[in-house]
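This report concerns only the one structure given below.
Chain identifiers are assigned alphabetically (A, B, ...) following the order of the sequence lines, protein sequences preceding nucleic acid strands; residue numbering begins at 1 within each chain.
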Protein chains: 2
Amino acid sequence: MDSERLAQVMQRAEALCRERGVRLTPQRRTVLELVCEAERPMSAYDILDLMRASVSNPAPPTVYRALDFLLEQGLVHKLESIHAFVGCSHPDHPHSSQFLICADCGDVNELEDPAIARSLRLAESASGFAPKRRVVELIGTCARCTGKDHE
Amino acid sequence: MDSERLAQVMQRAEALCRERGVRLTPQRRTVLELVCEAERPMSAYDILDLMRASVSNPAPPTVYRALDFLLEQGLVHKLESIHAFVGCSHPDHPHSSQFLICADCGDVNELEDPAIARSLRLAESASGFAPKRRVVELIGTCARCTGKDHE
DNA sequence: GACGGTTTTGTTATGTTATAACACAAAACG
DNA sequence: CGTTTTGTGTTATAACATAACAAAACCGTC
């Protein structure tokens, strides 16, 4: 994410938190910035390492607490299949997205596909299941890396 | 899973492995039995504990290696969102299923919903993404537990 | 601006999940 | 048989995550 886009995201995050009456403290802000700046999903310990630049001697709970907050606010997502975190592409509205995770280059694409969402909702109601959270992660090879294979 | 059903599953697993020319060794067999006997998803360390009954002083790699094999053969599934393993409900054909995971009772329901599968495939081809693995886990409250809430 | 409750942070320790590395054993196969 | 491949035992450690409790910061109100 370039610095202009990052500034937009941070401003949006500030606004959302203000609206909701929750506190985007400096630490939470730092973690959000680090996650969004990164070109790749970041593990909690990756973030922890980067925090050493701005925080003295941070410990795991520092990062996990900030991540918990950001997850609750929908500002970041957790990728369960790779134990990593990414900034949300469209934090404005609550949503459940799908992730295309390239096993070659590590790049992640966040989708919000209405057809997938619909089919999941149908299956849920058919089973009488009340979802709280949806994890949809497709792991494979992205278009770019498939191209490279042919070179 | 009752013992009759378990026997069927084990027999089916034996047959599949024979067909494929892979070895369902005693350890792998034990792990498959333990996973299938369990009413709930089992963590690797849960399995490890149960193995102490039949194997002397088993170590984590013992379990993880057996699980890797069983995952490759499609005989068990890994639930990424809860770091646990379940026996496959229909190991006969390769498939990617969806899991309804009840956060209240821990029960897991494996679906093979064609509409979900179709919508995922569509999204993949629209993105030029070649999937290797699909993780679809819905975490929430199952019908039975929703009923209990009302009592 | 002092108080009391609430939320956030600091800190230490520990729990849980997963793999690396290498030696040894067993099976497969000519 | 001997050799190659595959599976196992063992030790150690890496990677991911949380418990528990004390201290600090924030927030409303008197």
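Mapped onto DNA chain C by nearest heavy atom, A/A66 and B/I82 fall at different nucleotides, with A/A66 at the one closer to the 5' end. Along DNA chain D, the nucleotide nearest B/F69 and the nucleotide nearest B/S56 are compared for position; the residue whose nucleotide lies closer to the 5' end is B/F69.
No contact: B/P58 has no heavy atom under 4.0 Å from any strand. Nucleic acid contact class of B/R28 (heavy atoms, under 4.0 Å, all strands): sugar-phosphate only.
With rounding to the nearest 0.5 angstrom, the CG atom of B/L32 is 9.5 Å from the CZ atom of B/F69. Interatomic distance, B/I101 CD1 to B/E80 CD, rounded to the nearest 0.5 Å: 10.0 Å.
Across the protein-nucleic acid pair, B/H83 atom NE2 and C/dA18 atom P stand 6 Å apart, rounded to whole Å. With rounding to whole Å, B/R23 atom CZ is found 9 Å from D/dT5 atom C1'. A/L71 places its CG atom 15 Å from the C1' atom of D/dC16, with the value rounded to the nearest Å. Between A/Y64 atom OH and D/dA15 atom P the separation is 12 Å, expressed in whole Å. Rounded to a whole Å, the CG atom of B/N57 is 9 Å from the C1' atom of D/dT10. Atom P of nucleotide C/dA28 and atom CG of B/L24 are separated by 13 Å, given to the nearest angstrom. Rounding to whole angstrom units, CD of residue A/E80 and P of C/dA18 are separated by 11 Å. One atom, CG of A/L67, and another, P of C/dT8, lie 15 Å apart when rounded to the nearest Å.
Sorted by residue number, the members of residues 41-53 of chain A with any non-hydrogen atom under 4.0 Å from DNA chain D read A/S43, A/Y45.
Phosphate contact (OP1/OP2 of D/dA25, side-chain N/O of A/T25, threshold under 4.0 Å): absent. Not one side-chain nitrogen or oxygen of A/K78 sits closer than 4.0 Å to the OP1 or OP2 atom of D/dC16.
Classified by interplanar angle (parallel below 30°, tilted 30° to 60°, perpendicular above 60°), the ring pair B/H83/A/H83 is parallel.
Counting only N and O atoms by type, the side chains of A/S119 and B/S119 include a donor and acceptor under 3.5 Å apart.
Applying the ring pair (Phe, Tyr, Trp, His ring centres under 6.0 Å) test to residues at least two apart or on different chains, the pairs with a partner in residues 99-139 of chain A are A/H77-A/F99.
Under the side chain to side chain donor-acceptor pair (under 3.5 Å) rule, A/S97 has a single partner from A/R134, A/E110, A/E112, which is A/E110.
Note on the helix from C/dG1-D/dC30 to C/dG30-D/dC1: angle between the axes of the first and last five pairs equals 30°, rounded to 10 degrees.
Of all nucleotides listed (C/dA20, C/dT11, D/dA17), C/dA20 comes nearest to the side chain of B/P61. Nearest nucleotide to the B/R65 side chain, out of D/dT6, C/dT11, D/dG9: D/dG9. If you check C/dT11, D/dT10, C/dT9 against the side chain of B/T62, the one that comes closest is D/dT10. Nearest nucleotide to the A/Q27 side chain, out of C/dT19, C/dG10, D/dG7: C/dG10.
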Would you give me the side-chain donor-acceptor pairs under 3.5 Å for residues 2-12 of chain A, sequence neighbours excluded?
unit_1: A/D2; atom_1: OD1; unit_2: A/E4; atom_2: N; d: 3.3
unit_1: A/D2; atom_1: OD1; unit_2: A/R5; atom_2: N; d: 2.6
unit_1: A/R5; atom_1: NH1; unit_2: A/Q8; atom_2: OE1; d: 3.4
unit_1: A/R12; atom_1: NE; unit_2: A/D92; atom_2: OD1; d: 2.8
unit_1: A/R12; atom_1: NE; unit_2: A/D92; atom_2: OD2; d: 3.2

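B/R23 is linked by a side chain to side chain donor-acceptor pair (under 3.5 Å) to nothing, counting only residues two or more places apart in sequence or in another chain. For A/P26, there are no side chain to side chain contact (heavy atoms under 4.5 Å, CB included) partners, not counting sequence neighbours.
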Pair A/V135, B/I139 - check side-chain contact (heavy atoms from CB on, under 4.5 Å), show working.
CA-CA 8 Å; A/V135 173; B/I139 299 96; 3.8 Å; yes
